[in-house]
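This report concerns only the one structure given below.
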Amino acid sequence: MLRRVLLAASASQRVRRLTTTAPLARDVVRRFVAGETAADALAVARRLAADGMAVTVDYLGEDTTEPDHAVAVAAEYVALIGLLAEAGLTEDGRAEVSVKPTAVGLGLPEHGEKTAAENIARICAAARAAGTTVTVDSEDHTRIEPTLRLVAQARRDYPEVGCVIQSYLRRSPGDCQALAVAGSRVRLCKGAYRAPDGVALAARSEVDRAYARCLRILMDGPGYPMLATHDPRLIAIARSLAAAAGRDPGSFEYQMLYGIRTDEQRRLTAEGARVRVYVPYGSDWYGYFMRRLAERPANLTFFLRALASGW
Ligand SMILES: Cc1cc2nc3c(=O)[nH]c(=O)nc-3n(C[C@H](O)[C@H](O)[C@H](O)COP(=O)(O)OP(=O)(O)OC[C@H]3O[C@@H](n4cnc5c(N)ncnc54)[C@H](O)[C@@H]3O)c2cc1C
């Protein structure tokens, strides 16, 4: 119930205004967000790289409504990739970027898909030149079809482009099957958006079981699975499926979010596993932050306390 309220709040302009103008909110947000600028993201990426971890950097923002803004988002990514490359972090894809289709134009009232495709191609070209790649995030369930089309289109020129499957969607085992092919990079997550019952599994236990099912499909296939979860049980299942499939540690990776279960990120790295941390930055943190609250209501108590002490 609380999760539903928080996910509804993530789409509310009124709650957004209230939250983002509270001065102390920013301090709490910093637990999950690297900072406001690309330089802040770079500093975090350097730190994580020094600890043996890879990163995928996300310029925060979604649901772009102006074509010019969608182009500006793509330009920000190109500049970001330049900074990461200058710092020597992009070799071997150690630092890559994650892009939300609606941030680069998918939701525009006219020519959204075409605009997003052009912007994604720009970002892919910069990533390729820097020796790294791009993962296209998955958003709300209504965007899945066009997002998969965008990924398929980008892969014609840039086969290394990654995509994301959300295990809470009923369609996902079928999508995994289709994507478990040589050369494909697939991030598997549980899914962070609101979705109706007909489209998504409602119970957490069902979502977890579906995750394990998708995991098996990806691990048994010839592609490169990227296991985005902080769930210890699923991480243990991933480890045994990888062993059963005869995969070596370099043939798949774990992914976790910046600021969440950092102890586990370090532990897996020390074990010799590949770990990539999703590092978001930018001032448009509201939607991302509210989804993190929805995942763990304990975060809400912490956040409300910080807000109350500031008013
Ligand atoms: C690298 C990465 C990329 C992602 N990309 C996408 C995407 O493109 N599209 C999409 O829909 N979703 C994405 N997600 C989010 C994902 O769908 C889940 O909402 C999120 O990861 C929480 O699910 P979980 O698998 O960690 O399991 P959960 O069962 O939610 O959590 C397991 C444990 O992890 C810890 N934990 C989890 N979330 C939090 C939190 N917010 N705060 C504190 N502790 C927490 C807790 O200890 C919890 O018990 C991504 C997640 C990761 C890690």
Side-chain angles (χ1 to χ4, degrees), residues 2-3 6-7 10 28-34 48 53-60 62 95-103 106 134-144 147-148 150-151 161-169 171-172 175 185-195 199-201 203-212 214-215 225-238 252-265 267-268 274-280 285 287-303:
L2 184 56
R3 178 168 185 272
L6 286 167
L7 287 177
S10 74
V28 182
V29 168
R30 276 304 276 260
R31 180 186 153 192
F32 300 107
V33 172
L48 290 166
M53 285 176 256
V55 295
T56 182
V57 185
D58 167 47
Y59 176 51
L60 289 165
E62 48 204 81
E96 58 141 56
V97 295
S98 281
V99 178
K100 287 196 169 32
T102 68
L106 182 60
V134 175
T135 297
V136 178
D137 283 353
S138 277
E139 301 176 84
D140 170 67
H141 70 100
T142 60
R143 309 285 189 199
I144 299 302
T147 296
L148 290 175
L150 285 171
V151 170
V161 168
C163 67
V164 180
I165 297 293
Q166 300 155 316
S167 75
Y168 74 163
L169 294 184
R171 58 176 288 162
S172 288
D175 287 336
R185 294 167 63 252
V186 181
R187 176 194 298 159
L188 179 62
C189 67
K190 291 188 186 177
Y193 294 78
R194 270 196 301 171
V199 173
L201 302 163
R204 275 178 170 261
S205 56
E206 285 183 300
V207 176
D208 292 356
R209 269 201 301 278
Y211 193 104
C214 291
L215 192 52
M226 305 184 283
L227 315 173
T229 183
H230 313 90
D231 188 329
R233 277 189 318 149
L234 292 174
I235 291 170
I237 291 173
F252 68 98
E253 68 185 38
Y254 297 99
Q255 296 192 343
M256 294 191 201
L257 301 176
Y258 176 68
I260 299 181
R261 300 209 64 206
T262 44
D263 49 343
E264 182 68 358
Q265 295 170 14
R267 194 188 66 74
L268 286 168
R274 278 199 190 182
V275 176
R276 188 178 300 276
V277 181
Y278 187 102
V279 177
W285 45 260
Y288 179 87
F289 178 68
M290 292 305 279
R291 288 193 291 278
R292 301 298 75 82
L293 291 188
E295 279 153 8
R296 197 153 185 256
N299 291 341
L300 182 65
T301 318
F302 180 53
F303 181 59

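Just so it is clear, the values below take in all heavy atoms, side chains as well, and ignore hydrogens, waters and symmetry mates. When a ligand or atom number is given, it counts from 1 through the structure's own listing order.
Looking at residues two or more places apart in sequence or on another chain, you find a side-chain hydrogen bond (donor to acceptor under 3.5 Å, both in side chains) between R171 and E145, D175. Scored by the ring-ring contact (aromatic ring centres under 6.0 Å, His included) test, Y258 finds no partners at all (sequence neighbours excluded). Listed by chain and residue number, nothing satisfies the ring-ring contact (aromatic ring centres under 6.0 Å, His included) test with Y211 (two or more places apart in sequence, or in another chain).
Under the 4.0 Å criterion applied to side-chain N and carboxylate O atoms, R143 and E62 are not assigned as salt-bridge partners. For the pair D140 and R194, the salt-bridge criterion is not met [side-chain N within less than 4.0 Å of a carboxylate O].
The 4.0 Å heavy-atom shell around ligand 1 contains residues R31, D137, S138, V164, Q166, R187, C189, K190, G191, A192, Y193, R204, A228, T229, H230, D231, Q255, M256, L257, I260, R261, Y278, R292, E295, R296, N299, ordered by chain and number.
In this structure a side-chain-to-backbone donor-acceptor pair under 3.5 Å is present from R261 to H230.
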